[in-house]
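Below is one structure, written out as structure tokens; comments come after it.
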Amino acid sequence: MSEKSFYDKISSIDVRLIYVSIALVLSSVIINPIGMPITIGEHATNLYNFIEQLPEDSLILIGIDFDVGLYSEMGFSLEAIIKHISSRGLRFIALSIHMDGPVNWAKANSRIDFPSNYIYGEDYVYLGFIAGQETAQAAIASDLKKVVTSDFMGIPFSELPIMNGVENSQDFAFIIEVTGQGHNIDSTARQYGSMFNRPLAYAVAGAAIPLAMPYYPRLALAVLPSIIGAAQYEYLADVPSSALKATDAVSLAHIFLFGLLILSHIGFWGQLSKAKRSGGKIV
Amino acid sequence: MTAVPTLFKRKIPIAMTFIIALVVALQYGIEHPYIITSSNTLKIFGVVVSSIAIILASLTLVISQMGYVVKKKADYWVGGLASLIFFAIFFSVGLVRGIESVEWAWIQKNIFSACTTALMGVAGFLFVSASYRAYKAKNIDGYLLLASGLLVMLSNTPAAVVLWPTFGPIGKWIMSVLNTNVQRAILVTVALGTVATAIRTVLGWQRGYMD
Amino acid sequence: MFTDKIAVLVLSCIIVIFIVYNVLKVKSGKIPEIRKIAGLEAIEEAIGRSIEQNRPVHFTPGSSSKLSNQYASQTLASNSILRYVARLTASLGAKLIVSVGSAEIYNLFSEIVEESYLMENMVVPSDTLRYYSEGYAFQQGAMNTVLHEKPGSQIFIGAISMDGLLLTEAASRVGTVTISGTARTFWIPFLTVTSDYVLIGEEIFVAGTYLSKDPIESGSIVGQDWGKFLTLFLLVLGSILSVMGNTFLWRLLQR
């Protein structure tokens with residue numbers, strides 16, 4: 001059996017070694033952050049400026065529609081946006097068309113320190129999970145109170161002052177969709193943006209950014225990209241938290257993956273040129 | 001003799017589908033109060049049907065997993081039993097203590113959330129191993145994909161953008177010019193496919209879903 | 001009386017007319033030729049490979065395939081391909097495993113498999129159809145099926161979610177040939193990298209037609225193509241007019 005060449009070896013590194021390496025690299029900077037600098041992107045700036053210029057009595061709709069496992073990508077965006085909204089005294093109604101929404105809300109709610117004069121039921125409310133995906137969004141956008149009659153904990157709207165006068169999507173100054181799924185991006189654009197011309201913004205997972213970009217800037221004024229966007233927003237809104245701490249890990253993970261791709265291609269090109277020289281081929 | 005079953009099994013459902021689709025589609029272009037009210041009511045029916053679908057999913061899960069346990073299907077019955085036990089725990093806690101209770105919050109946080117996050121972590125590792133193992137640029141398309149992928153990745157790396165700020169505008173150009181236009185093209189073709197399927201469904205030409 | 005979206009409704013009606021016209025035309029005439037799609041040609045080859053290696057064939061429509069969401073059209077496309085795959089496996093004597101991630105389509109897919117097997121005078125084995133609940137539970141269950149059963153080939157077409165990565169990676173670990181396809185643009189890049197054959201976007205809608213040669217589906221494909229030509233025409237015309245400073249078309253479509 002012929003010995004493996006250098007190129008064969010680097011093309012066939014045991015994946016377990018790769019898993020251990022990336023785990024060590026990420027955990028080292030999470031435990032001991034380096035404090036690498038970040039730059040502020042236009043999406044975070046657009047979203048921040050838009051919320052800053054909203055009148056004080058504005059009502060915002062927040063869609064919490066991401067998997068529990070993606071909390072570290074989008075949960076921090078959600079927290080930063082809610083902290084900014086609450087610090088400005090703006091009101092918001094949150095709801096979910098994704099089943100994991102209530103779990104994410106519970107987690108975000110426990111991690112956010114609302115101002116003492118920011119009262120549940122008067123300034124903010126969470127309406128829970130509404131089944132139906134886009135059908136639910138269509139129904140909510142047309143006639144919210146026919147779809148939902150109480151909040152997540154069963155408190156009727158008659159006991160929630162924030163719900164007075166809220167009929168449909170026209171009563172919202174702005175809609176923010178926090179999601180990791182392409183279909184939620186499309187359905188929000190269709191049901192709120194296209195159908196009712198409401199201003200929109202997205203906070204999306206990294207892999208969903210390409211899916212939200214077709215709607216920028218005509219339908220969506222900002223597409224906050226994953227944990228990087230969350231870190232930028234935390235910096236702008238002056239609410240430093242977990243996202244800013246995680247930017248070192250993000251940078252190192254990307255650099256690690258960059259190096260891994262280059263390494264695998266060096267191995268592949270080496271094997272290719274060796275095969276060409278000997279008249280064979282790589283399968 | 002077969003006319004009545006065909007009427008109830010095919011013609012009436014197709015007629016209902018056609019009318020519902022027409023009313024909801026018309027709301028997009030016509031602002032008549034009757035159309036708006038009917039359309040809004042139909043959308044709420046959709047929410048109700050979706051809720052029933054969740055109940056159906058739970059029942060199907062219980063029945064299929066019970067099948068594995070009862071038939072003692074090799075290697076599956078343990079997983080089936082575990083599914084049924086956890087289903088029973090979640091269901092009974094939610095029903096008896098309510099979803100706003102401390103117990104529900106505990107099992108959500110420490111079982112559901114923990115398991116889901118662990119799975120996402122596994123997926124993260126799989127992304128890395130898939131990139132290393134499977135992605136090899138073999139032709140010009142592959143090289144272009146590799147180059148654009150690496151540039152976009154670096155433009156989303158805070159440290160890289162600080163080191164060389166030009167990564168930012170390059171990544172932005174790739175996303176807003178190349179990616180956006182291709183995504184829009186795919187969206188158009190997929191939308192046309194969806195419209196075609198919808199037309200076949202409302203006119204009763206679509207095979208499969210009602211047969 | 002009319003909203004500011006009336007132009008979109010009118011355009012939609014035009015596309016509907018294209019589709020209905022072509023379906024009626026094809027029903028009474030010749031079925032149009034559809035170009036070869038490499039992934040579909042490979043299905044028969046992949047199933048043959050599974051038989052040679054005495055390994056099962058794994059079919060799954062993906063965890064987002066349902067009839068109640070916006071991916072219903074992709075689910076129905078997957079449906080058509082399953083009909084073909086089930087018939088082929090029944091006639092060639094291959095073991096078929098169908099992993100389903102939605103209760104809504106479980107009965108539908110079960111009936112399709114039974115019907116297809118019946119046409120080949122075969123009985124469906126009891127463990128053909130597998131349901132592992134929805135979402136992550138399905139993804140883990142299907143991944144476990146692939147790792148445990150080691151199929152010779154995997155046909156993975158429909159509304160795919162994260163299982164696009166999990167199942168294709170699992171398949172590569174056990175040496176399974178994967179033919180995948182989805183119209184969910186989010187997952188197309190992952191499938192392109194990890195699968196042996198990929199059907200991108202609209203090709204999954206064409207796939208059912210290509211395999212079944214059904215006149216109605218063929219007619220609607222032609223109608224869709226007419227719709228694409230109309231879109232292209234409007235794009236080119238709109239681009240030329242806006243370069244010349246004329247916003248007539250833009251204002252017309254805004255209405």
Side-chain angles (χ1 to χ4, degrees), chain B residues 25-32 46 49-50 53-54 56-61 63-65 67 71 73 75-76 79 83 87 115-116 119-120 122-123 126-127 129-131 133-135 145 149 182-183 186-190 192-201 203 205-209 211, chain C residues 1-3 5-6 8-10 12 15-16 19-20 23 66-68 70 72-73 76-77 79-80 83 102-104 106 108 111-112 115 127 130-131 133-134 136-137 139-141 148 162 165-166 168-169 172 183 185 188 190 193-194 200-202 205 214 216-217 220-221 223-224 227-228 231:
Chain B
L26 283 176
Q27 189 196 11
Y28 202 72
I30 299 169
E31 251 176 354
H32 192 279
V49 169
S50 302
I54 292 175
L56 172 66
S58 309
L59 284 171
T60 309
L61 171 71
I63 291 166
S64 63
Q65 300 300 318
K71 288 177 193 165
K73 247 183 185 355
D75 298 333
Y76 296 126
S83 307
F87 182 89
C115 291
T116 311
L119 179 61
M120 277 296 176
V122 165
L126 287 178
F127 281 132
S129 72
S131 305
R133 178 196 59 77
Y135 184 48
L145 184 62
V182 167
Q183 290 285 345
I186 295 176
L187 276 173
V188 167
T189 56
V190 169
L192 286 167
T194 307
V195 166
T197 309
I199 292 302
R200 292 200 303 265
T201 307
L203 293 176
W205 290 339
Q206 181 66 42
R207 286 186 64 200
Y209 85 102
D211 290 339
Chain C
M1 171 74 170
F2 295 117
T3 67
K5 303 278 183 292
I6 189 67
V8 176
L9 189 64
V10 168
S12 305
I15 290 167
V16 167
I19 292 167
V20 172
V23 167
K66 293 178 200 280
L67 292 174
S68 60
Q70 59 269 55
S73 52
L76 292 170
N79 184 338
S80 305
R83 199 181 293 275
S102 167
E104 290 169 40
Y106 181 84
L108 171 66
E111 277 172 30
I112 288 169
E115 201 182 281
D127 62 349
R130 300 188 191 178
Y131 173 62
S133 184
E134 324 238 334
Y136 295 126
Q139 289 164 8
Q140 279 294 295
H148 186 78
M162 202 172 71
L165 187 68
L166 296 173
T168 48
E169 262 301 279
S172 74
T185 50
I188 292 171
F190 300 103
V193 168
T194 53
I200 295 175
E202 213 214 1
F205 300 120
D214 182 65
I216 291 172
E217 290 182 24
S220 70
I221 298 290
Q224 281 171 239
K228 278 180 223 155
T231 311

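In what follows, chains carry the letters A, B, and so on, assigned in the order in which the sequence lines appear, proteins first and then strands, with residues in each chain numbered from 1. Just the heavy atoms: all of them, side chains too, but no hydrogens, waters or symmetry mates, feed the values below.
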> Taking B/T194, B/T189, B/L119, B/L145 one by one, which has the highest count of heavy-atom pairs under 4.5 Å against chain C?
Replying inline: B/L119
> Going from CD1 on C/I221 to CD1 on C/I19, what distance comes out if it is rounded to the nearest 0.5 angstrom?
Replying inline: 9.5 Å
>> Using heavy-atom distances under 4.5 Å, tell me whether B/S83 contacts chain C through its side chain, its backbone, both, or neither.
In response: neither
> Do C/R83 and C/E115 sit within salt-bridge range, that is, some charged N less than 4.0 Å from a carboxylate O?
Replying inline: yes
>> I'd like to verify something: which residue of B/S64, B/S58, B/A53, B/G46 has the highest number of heavy-atom pairs under 4.5 Å with chain C?
In response: B/S64
> Taking C/Q140, C/R130, C/Q139 one by one, which has the highest count of heavy-atom pairs under 4.5 Å against chain B?
Replying inline: C/R130
>> Using heavy-atom distances under 4.5 Å, tell me whether C/V10 contacts chain B through its side chain, its backbone, both, or neither.
In response: neither
> Does the pair B/W205 and C/V20 meet the rule for a side chain to side chain contact (heavy atoms under 4.5 Å, CB included), with working shown?
Replying inline: CA-CA 10 Å; B/W205 290 339; C/V20 172; 4.2 Å; yes
> Is it the side chain or the backbone of C/F205 that comes within 4.5 Å of chain B heavy atoms, both, or neither?
Replying inline: side chain
> Who wins among C/L166, C/V23, C/I188 for the most heavy-atom pairs under 4.5 Å with chain B?
Replying inline: C/V23
> Atom CG in C/L165, atom OG in B/S131: separation rounded to 0.5 Å?
Replying inline: 8.0 Å
> When heavy-atom pairs shorter than 4.5 Å are enumerated against chain B, which of C/V16, C/T194, C/T231, C/I216 gives the highest number?
Replying inline: C/I216
> How long is the span from the CD atom in B/Q65 to the OG1 atom in B/T60, to the nearest 0.5 Å?
Replying inline: 11.0 Å
> Less than 4.5 Å apart, any side-chain heavy atom of C/F190 and any of C/T168?
Replying inline: no
>> As an exercise, state the distance from OG of C/S73 to CG of B/L192, rounded to the nearest 0.5 Å.
In response: 11.5 Å
> Checking heavy atoms, do the side chain of B/I30, its backbone, both or neither come under 4.5 Å from chain C?
Replying inline: both
